[in-house]
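Only this structure's heavy atoms are used, side chains among them; waters, hydrogens and symmetry mates stay out. Chain A is the first sequence line, chain B the second, and so forth, proteins listed ahead of strands; every chain is numbered from 1.
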There are 2 protein chains.
Amino acid sequence: MTPIDKLIVHFRKSITLTDDEAEIVGGCFTIVELKKKEILLYEGDLSSHMRFISDGCLRSYYMDEDTKEHIIQFGIEDWWINDLYSYLTNTPSKQFVQAIENSVVLQIHKDKLNDLYNNVPAVERFFRFKFEKAYVSLQERTINAMSKTAEEHYLDFRTKHRDIEQRVPQYMIASYLGITPEFLSKLRKNISQ
Amino acid sequence: MTPIDKLIVHFRKSITLTDDEAEIVGGCFTIVELKKKEILLYEGDLSSHMRFISDGCLRSYYMDEDTKEHIIQFGIEDWWINDLYSYLTNTPSKQFVQAIENSVVLQIHKDKLNDLYNNVPAVERFFRFKFEKAYVSLQERTINAMSKTAEEHYLDFRTKHRDIEQRVPQYMIASYLGITPEFLSKLRKNISQ
DNA sequence: AGGGAATCTTAATGTAGGTTAATAACGACT
DNA sequence: AGTCGTTATTAACCTACATTAAGATTCCCT
């Protein structure tokens, strides 16, 4: 299955597209191939594309006071990854997006997407849902962060994202959870005894 | 100025409405008057309205394990307040929305709002912006929470929300910041010396 | 196979913020 | 003005997690 095929299958999980529409939609995206560690979006760049992961694994993260990395999101096949903040506000990104493995990403420019909204209305509905879901999962994460302990966060992550846990180094999981790798190591020791 | 007038003025800050359209829009909202401490939305309720604050001050919060309250949002005149999570996912709310002062709220049911989208398209654009902004400010808050200290959060809050700071009790600000009132008290002492 | 980089673990020590509990100050109602 | 409920402060002690620094382990490259 080509990356574009995967994208169409992905769209068709939540909206209906005729074959003609699928053709149009597929034609609006461009392929980006990334080597492990390659950076797709730099801090300071304007994020003007929506990005679909066809293959591989990426992360978005930001640096606080130019030192420590904080991972905001992981993404694997069939997910979208972006700095939505920058995309929505047209301001320079505060985040990086980097490939953790060799990856294939399909992206569409904001302007082209706006045209597509007019030509294929179902796509607009798709992205409205997408933004709503993005909000919902961000709120879930924010609320959990406020009331749970680090060990609970880790256990939650393990049950919700087994697939990711097995593909990314442990210190990145620590960063995503907002703790140090040393402390995660200690937690794991406690848990397994 | 009536509550409905305030609402229309509010809409017209980001979209254009003819007088006829304004008439239609205004007619879709209903007024809710709340006494101080009265609860507008209970945990477990379905949040099926969008709610505009015409007068007063409210908060949304959730309870963790039926004990401690965590404030998620404050709202004053000219803001919207809701459990967007429940509204968007049609699931029972995990939050309460409560009046901190006597307040006047204008609300519109989801179904009516969906009709309104068809009759007055500008309204749909208004709410798309609203959801985008909600996402953006939630992400800002989440990222800040990860990298800043409690004292920084408090100082940020003071500069960004002076108006709110002067209207709500200090222990609620502590709850919003995710710290105990005792610790906020200590911070304030350090800051003022 | 072997050497360097990347990742993970362990342990000692430090600190931001929580808990408990008591007291103080404020505010609103009669 | 006095009383009661609400809100704010103080101080002693506690805990979850960070920091530092040293090894141990695994991974990958030629």
Between A:Glu140 and B:Tyr85, do the side chains contain an N or O donor and an N or O acceptor separated by less than 3.5 Å?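 Checked: A:Glu140/B:Tyr85 side chains pair up, N/O donor to acceptor below 3.5 Å.
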
Donor-acceptor side-chain pairing of A:Trp79 and A:His10 below 3.5 angstrom: no

Rounded distance (Å) that lies between atom [atom2] of [N] and atom [atom1] of [X]:
X	N	atom1	atom2	value
A:Asn190	D:dA16	CG	P	11 Å
A:Lys148	C:dG18	NZ	P	19 Å
A:Leu187	C:dT10	CG	P	12 Å
B:Tyr154	C:dG17	OH	P	15 Å
A:Met146	C:dG18	CE	C1'	15 Å
B:Lys68	C:dG18	NZ	P	9 Å

Tabulate protein N/O versus nucleotide N/O from nucleotides 7-12 of chain D, keeping only pairs under 3.5 Å, one per line.
unit_1 : atom_1 : unit_2   : atom_2 : d
D:dT7  : OP2    : B:Tyr171 : OH     : 2.9
D:dA8  : OP1    : B:Gln170 : N      : 2.8
D:dA8  : OP2    : B:Gln170 : N      : 3.0
D:dA8  : OP2    : B:Tyr171 : N      : 3.0
D:dT9  : OP2    : B:Gln170 : NE2    : 2.4
D:dT9  : OP2    : B:Ser185 : OG     : 3.2
D:dT9  : O5'    : B:Ser185 : OG     : 3.2

May I ask you to verify if any side-chain N or O of A:Thr180 is less than 4.0 angstrom from the OP1 or OP2 atom of D:dA18? yes

Co-membership, hydrophobic cluster, residues B:Ile100 and B:Phe157, 4.5 Å side-chain: yes

Using modelled atom types only, decide if a donor and an acceptor are shared between the side chain of B:Ser175 and the backbone of B:Ile71 within a distance under 3.5 Å. yes

Between B:Asp19 and B:Arg12, is there a side-chain N and carboxylate O pair less than 4.0 Å apart? yes

Can you name the nearest heavy-atom pair linking B:Leu40 to B:Gln107, along with the distance?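 Where B:Leu40 meets B:Gln107 most closely, the heavy atoms are CD1-OE1, 4.2 Å.
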
